[in-house]
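Reviewing the structure listed below.
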There are 2 protein chains.
Amino acid sequence: MHDTFVSNPSFFKLDATLKKIRNYWQKNFDARQMDITVDQWLLVENLYKHKRITHNELARLTSKDITTVSRIIELLVKKDLVERQGSTDDRRKVFVQLTPQGVNKYKEVRPLVLEMRKTGWNNLSETDYNELTRILDVIYANIP
Amino acid sequence: MHDTFVSNPSFFKLDATLKKIRNYWQKNFDARQMDITVDQWLLVENLYKHKRITHNELARLTSKDITTVSRIIELLVKKDLVERQGSTDDRRKVFVQLTPQGVNKYKEVRPLVLEMRKTGWNNLSETDYNELTRILDVIYANIP
DNA sequence: TAGCAATAGTTGTTATAGCAACTAATTTTA
DNA sequence: TAAAATTAGTTGCTATAACAACTATTGCTA
């Protein structure tokens, strides 16, 4: 990789693209009164998939700091979308799972998310998707 | 693009990669006592390039909200890296530029940033760089 | 030209991100 | 087995992100 390319700000492009996506998602959530943020959605999505997991596991799955997860969960609990249950065999652990309302919220938001993902991938191929995935994975692995 | 790919969380991968890069950068800044954050660096970099610009232009160049730019500039002014000058012909505008210390800071941090970019692009080719750029540009353009 | 709209920037508020310090519980080790 | 180290989670703090509301200024237009 030449210095010209190294000096080119890919970081900026990643950041700008991510912000564009995030803002687009949030605007759509707001427009349809979903009453949820993008990162709250990411946690709900993972809780739907994994049913009953600890803060720690959720943090690992979402690449979020455990403190951040702790605080987002707090907001989701306030919204009655999530409930916490202390573990009995290891009393340090706290399990988290969706409430019935949380499951409903997932089912309500999910189609909108699929739609928006489709919009983002417009004019791009399966190969493009695989390329993006591959390149991002290599970058991720390169960094200590 | 098939639904399988649409439903695959690229957003998450972008987010995770960006966080990894950001944390790596910040840890290196901290380890070498650069006394600067990643986003503060991005503004310094742009100010070095563009010499004397308004908050608004800086916001556009960095894909940041003008309120965010306003607050980061405030921090940079406190660190004596940046100075503000009210425009005379349009008194709403405030021009921003690096102080001599700001220029020094740029020259101090710059080699480290190049090094870290090189690390991130390890095992990747010029073609990969162009592919990533192309795909991100299409996604960006797809989103209203 | 008076009034209205648009623009540049700041301030207030809420959310996410990450580090440090802390509590409580569990595991390791001397 | 008692002390030390590790682990799970919370709380405090600072920074970034975005929206709304606000001031001050400038441009537009009836």
Side-chain angles (χ1 to χ4, degrees), chain A residues 11-12 15-31 34-44 53-60 62-79 82 84-96, chain B residues 11-12 15-31 34-44 53-60 62-79 82 84-96:
Chain A
F11 177 90
F12 166 71
D15 187 51
T17 308
L18 196 62
K19 269 186 210 151
K20 186 101 183 245
I21 299 173
R22 188 183 292 277
N23 291 346
Y24 172 58
W25 283 34
Q26 192 60 58
K27 276 197 173 66
N28 273 273
F29 286 171
D30 293 348
M34 294 298 181
D35 187 32
I36 199 169
T37 68
V38 173
D39 293 284
Q40 285 166 20
W41 162 254
L42 291 178
L43 291 205
V44 167
I53 55 181
T54 62
H55 288 188
N56 239 339
E57 292 171 304
L58 200 47
R60 194 177 40 77
T62 55
S63 281
K64 285 184 187 305
D65 199 276
I66 191 179
T67 60
T68 302
V69 167
S70 185
R71 277 161 179 144
I72 298 180
I73 290 295
E74 207 178 309
L75 294 176
L76 290 172
V77 167
K78 267 188 202 148
K79 290 182 181 176
V82 158
R84 290 194 243 225
Q85 287 175 330
S87 166
T88 47
D89 52 305
D90 184 341
R91 286 187 299 160
R92 290 170 305 180
K93 290 185 182 173
V94 179
F95 284 105
V96 175
Chain B
F11 178 89
F12 166 71
D15 188 51
T17 307
L18 196 61
K19 270 186 209 151
K20 186 101 183 246
I21 299 173
R22 188 184 291 277
N23 290 347
Y24 173 57
W25 283 33
Q26 192 61 59
K27 278 196 172 68
N28 273 272
F29 287 170
D30 292 349
M34 294 298 181
D35 188 32
I36 199 169
T37 68
V38 173
D39 293 284
Q40 286 167 18
W41 162 253
L42 291 179
L43 292 205
V44 168
I53 55 180
T54 63
H55 288 188
N56 239 340
E57 293 171 302
L58 200 47
R60 194 177 40 77
T62 55
S63 281
K64 287 185 186 304
D65 200 276
I66 190 179
T67 60
T68 302
V69 168
S70 184
R71 279 161 177 144
I72 298 180
I73 289 295
E74 207 178 308
L75 294 175
L76 289 173
V77 167
K78 267 186 203 150
K79 290 181 180 177
V82 159
R84 290 194 244 225
Q85 287 175 330
S87 167
T88 47
D89 52 304
D90 185 342
R91 284 189 300 159
R92 290 169 303 179
K93 290 187 182 171
V94 178
F95 284 104
V96 175

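Just so we're on the same page: letters track the sequence lines, and every chain starts at 1. Because only heavy atoms are used, hydrogens play no part in the values below, and waters and symmetry mates are left out as well, while side chains stay in.
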With respect to the phosphate group of [N], does any side-chain polar atom (N or O) of [X] fall under 4.0 Å of OP1 or OP2?
| X | N | answer |
| --- | --- | --- |
| A:Lys93 | D:dT7 | no |
| B:Ser70 | C:dT10 | yes |
| B:Thr37 | D:dT16 | yes |
| B:Asn56 | C:dG9 | yes |
| A:Arg84 | D:dT10 | yes |

Report the residues that fulfil side chain to side chain donor-acceptor pair (under 3.5 Å) with [X], sequence neighbours left out, ordered by chain and then residue number.
| X | answer |
| --- | --- |
| B:Asn23 | none |
| B:Gln85 | B:Arg52 |
| B:Thr62 | none |

Would you kindly give the [atom1]-to-[atom2] distance between [X] and [N], to the nearest whole Å?
| X | N | atom1 | atom2 | answer |
| --- | --- | --- | --- | --- |
| B:Ile21 | C:dG18 | CD1 | P | 13 Å |
| B:Asp15 | D:dT16 | CG | P | 17 Å |
| A:Lys20 | D:dA18 | NZ | P | 13 Å |
| B:Ile73 | C:dG9 | CD1 | P | 10 Å |
| A:His55 | D:dT7 | NE2 | P | 19 Å |
| B:Phe29 | C:dA17 | CZ | P | 20 Å |
| B:Trp25 | C:dA17 | CH2 | P | 19 Å |
| B:Phe95 | C:dT7 | CZ | C1' | 14 Å |

* Asked: Can you name the residues that form a side-chain contact (heavy atoms from CB on, under 4.5 Å) with B:Gln26, not counting sequence neighbours?
  -> B:Phe29, B:Asp30, B:Thr37, B:Val38
* Give the minimum heavy-atom separation between B:Val69 and B:Ala59, together with the two atoms involved. => CG2-CA, 3.6 Å
* Asked: Among C:dT11, D:dA17, D:dA15, which nucleotide sits nearest the side chain of B:Gln40?
  -> D:dA15
Can you list everything that forms a salt bridge (Lys or Arg N to Asp or Glu O under 4.0 Å) with [X]? Sequence neighbours excluded, please.
| X | answer |
| --- | --- |
| B:Arg71 | none |
| B:Arg92 | B:Asp90 |
| A:Lys19 | A:Asp15 |

* Going 5' to 3' along nucleotides 19-29 of chain C, which nucleotides have protein heavy atoms under 4.0 Å from the base (write B), which only from the sugar-phosphate (write S), and which from neither (write -)? -> BB---BBS---
* Asked: Around A:Lys20, counting heavy atoms of other residues, nucleotides and ligands shown, do more than 12 lie under 6.0 Å from its NZ?
  -> yes
* Determine the contact category for A:Thr54: base if any of its heavy atoms lies under 4.0 Å from a base atom, sugar-phosphate if only primed atoms, P, OP1 or OP2 are that close, otherwise nothing. => sugar-phosphate
* To do: Report yes if some heavy atom in the side chain of A:Leu43 is under 4.5 Å from a heavy atom in the side chain of A:Leu76; otherwise report no.
  => yes
Identify the pairs formed between an N or O of the protein and an N or O of nucleotides 2-4 of chain D at a distance under 3.5 Å, and give each distance.
none

